[in-house]
Enquirer: 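Got a structure for you, written out below as structure tokens; questions coming shortly.
Every chain is numbered from 1, with letters handed out A, B, ... down the list of sequences.
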Protein chains: 2
Amino acid sequence: MNAVDVRTRILREATRLFAERGVSGTSIQAVATAAGITKPTLVYHFGGKDGLRTAVLAEFMDHWRHELPKLLTAAASGGPRLDSLVEALFDFFRRDPDRARLLLRESLDRPEELRTLLRDSVQPFTALITQAMRMGQMQGAIREKVDPEAFVVLVISCAVGVVAVGPFVSGLMSPEPSVDAQQAELIRMARVALLNPPGST
Amino acid sequence: MNAVDVRTRILREATRLFAERGVSGTSIQAVATAAGITKPTLVYHFGGKDGLRTAVLAEFMDHWRHELPKLLTAAASGGPRLDSLVEALFDFFRRDPDRARLLLRESLDRPEELRTLLRDSVQPFTALITQAMRMGQMQGAIREKVDPEAFVVLVISCAVGVVAVGPFVSGLMSPEPSVDAQQAELIRMARVALLNPPGST
DNA sequence: CCTACCGATCGGTAGG
DNA sequence: CCTACCGATCGGTAGG
């Protein structure tokens with residue numbers, strides 16, 4: 001029962017509960033119980049509820065910051081393939097849907113704070129993507145009418161939305177489209193809306 | 001100060017506060033104060049916090065149920081124009097972004113309950129849209145590869161997402177795409193991804 | 001529609 | 001890392 005283990009356990013349970021019920025819907029007592037410790041112990045490790053929330057968010061951002069470069073290079077390895085990029089995006093979130101829910105909750109609860117975090121840690125990478133898109137536009141591979149910044153924001157937030165609430169908003173339709181179907185359709189939409197048709201030179 | 005006025009005022013303030021801070025982040029005391037009454041009065045009118053939440057959601061669903069038919073007929077009047085349909089969807093939510101935030105929060109907090117509500121009140125109308133889309137596919141106007149159910153779910157949830165958190169997730173990009181730009185790009189994406197190119201008969 | 005009040009739970013501290 | 005404890009606020013009730 002060393003300190004690292006406890007910290008990790010607290011963070012894991014906090015992430016799960018925050019994603020499921022939101023920060024204000026989760027008491028630090030509930031997190032402590034889930035982690036198998038008492039409340040004062042949690043406070044000792046994270047300084048209080050706000051410190052815990054910050055730590056959960058920081059861990060998430062760290063994970064993303066380390067994953068994004070891999071994701072980009074992997075996608076670029078087979079040439080600039082949009083499909084694999086969007087698929088990798090889905091993989092990242094579907095591997096742990098709590099990430100998507102947490103992100104969505106945070107953007108509702110603390111929009112300004114999240115905006116700052118995103119700006120600092122992921123914006124440099126998305127800038128690479130839009131830059132590549134403008135190159136593609138000059139070369140004629142990508143449709144001129146595409147707004148690169150808006151396009152990337154839409155695809156990312158749509159992917160997050162599908163993973164976070166896709167299984168439930170599908171109640172809008174009959175038959176309900178599975179998350180797989182929603183993912184496939186988003187990838188299709190993005191490709192068709194992005195690329196010029198093959199024989200249009 | 002008749003009862004109808006008070007009920008309306010409570011509902012309005014509750015909607016605003018629930019959208020901004022979430023249900024669990026809003027005390028009924030805060031709602032009562034915002035509505036200019038005391039807490040027991042609120043409880044008298046809505047039976048408790050859960051009754052208030054249900055009433056807020058019911059009002060929202062009612063609004064949508066009445067608006068959707070108008071929206072569909074308006075869109076159909078100029079022929080089945082996708083643009084105007086998506087624009088009307090955006091108008092509905094942008095007229096009061098709290099609706100979008102509330103919907104997003106509810107889909108995170110009470111997914112099963114929302115699923116049921118959507119199924120009962122909106123699904124009949126979305127069924128009309130997917131039906132029209134399949135007709136379009138048989139006539140060759142709409143791409144064969146489109147998955148109607150997944151497509152409609154994606155466009156709707158993406159529109160909700162843009163209105164609810166678009167102003168903030170734009171922090172991902174530089175320069176930040178405005179909500180207008182995100183809306184325009186979604187409409188462009190949806191049209192290109194949906195329709196067969198003009199000279200493809 | 002309000003005053004007065006309740007038990008339970010909240011986040012957090014003292015002290016070890 | 002825990003026991004014991006705190007004031008504040010929570011949702012809700014009694015009674016008028």
Enquirer: Could you tell me whether the side chain of B/Arg143 reaches within less than 4.5 Å of the side chain of A/Arg188, counting heavy atoms only?
Expert: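 A side-chain contact under 4.5 Å exists here.
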Enquirer: Would you say the side chain of A/Met133 lies within less than 4.5 Å of the side chain of A/Val146, judging by non-hydrogen atoms?
Expert: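 Counting from C-beta outward, A/Val146 and A/Met133 do come under 4.5 Å.
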Enquirer: If you look at every strand shown and take non-hydrogen atoms under 4.0 Å, does A/Thr41 touch a base, only sugar-phosphate, or nothing?
Expert: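 Base contact.
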Enquirer: Can you tell if the side chain of A/Pro175 reaches within under 4.5 Å of the side chain of B/Glu149, non-hydrogen atoms only?
Expert: yes
Enquirer: In whole Å, I'd like the distance from the CG atom of A/Asp50 to the C1' atom of C/dG12.
Expert: 13 Å
Enquirer: Does a distance-only test, which skips hydrogens and angles, find a donor-acceptor pair under 3.5 Å between the side chain of B/Lys39 and the base of D/dG11?
Expert: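 Indeed there is one.
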Enquirer: If you check every side-chain atom of B/Pro40, which of C/dT13, D/dA14, D/dC1 has the closest atom?
Expert: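 Per side-chain heavy atoms of B/Pro40, the pick is D/dA14.
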Enquirer: Please determine, for the side chain of B/Ser27, which listed nucleotide (D/dC10, D/dA4, D/dT13) has the closest atom?
Expert: D/dC10
Enquirer: With a 4.0 Å cut-off, would you call A/Arg99 and A/Glu67 a salt bridge?
Expert: no
Enquirer: Can you check the A/Leu42 CG to C/dC10 C1' distance for me, whole Å?
Expert: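 Taking atom C1' of C/dC10 as the reference, CG of A/Leu42 is at 14 Å.
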Enquirer: So which one's nearest nucleotide on DNA chain C is more toward 5', A/Ala30 or A/Gly47?
Expert: A/Ala30
Enquirer: Could you state the NZ-P distance from B/Lys49 to D/dT9, rounded to the nearest angstrom?
Expert: 15 Å
Enquirer: How close or far is atom P of D/dG12 from atom CZ of B/Phe46, stated in whole angstroms?
Expert: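 The distance from CZ of B/Phe46 to P of D/dG12 comes to 14 Å, rounded to the nearest Å.
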Enquirer: CD1 of A/Ile37 versus C1' of C/dG12: gap in Å, rounded?
Expert: 14 Å
Enquirer: Watson-Crick or G-U wobble partner for C/dG15, using a 3.5 Å limit on both distances?
Expert: D/dC2
Enquirer: Check the distance between D/dC2's C1' and A/Gln29's CD and give it to me in whole angstrom.
Expert: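 Rounded to whole Å, this separation is 13 Å.
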Enquirer: Under 4.0 Å between a side-chain N/O of A/Thr38 and OP1 or OP2 of D/dC1, yes or no?
Expert: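 Looking at the OP1 and OP2 atoms of D/dC1, neither is under 4.0 Å from any side-chain N or O of A/Thr38.
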Enquirer: Under 6.0 Å between the ring centres of A/Phe125 and A/Trp64?
Expert: no
Enquirer: Side chain of A/Val43, heavy atoms from C-beta onward: which of D/dC1, C/dT13, C/dC1 has the nearest atom to it?
Expert: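 Given the options D/dC1, C/dT13, C/dC1, the side chain of A/Val43 is closest to C/dT13.
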Enquirer: Between D/dG12 atom P and B/Leu52 atom CG, what is the distance in whole Å?
Expert: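 One finds 10 Å between P of D/dG12 and CG of B/Leu52, rounded.
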Enquirer: When we call it a touch if two heavy atoms are under 4.0 Å apart, what does B/Thr26 touch: a base, just sugar-phosphate, or nothing?
Expert: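 Here B/Thr26 touches the backbone only, sparing every base.
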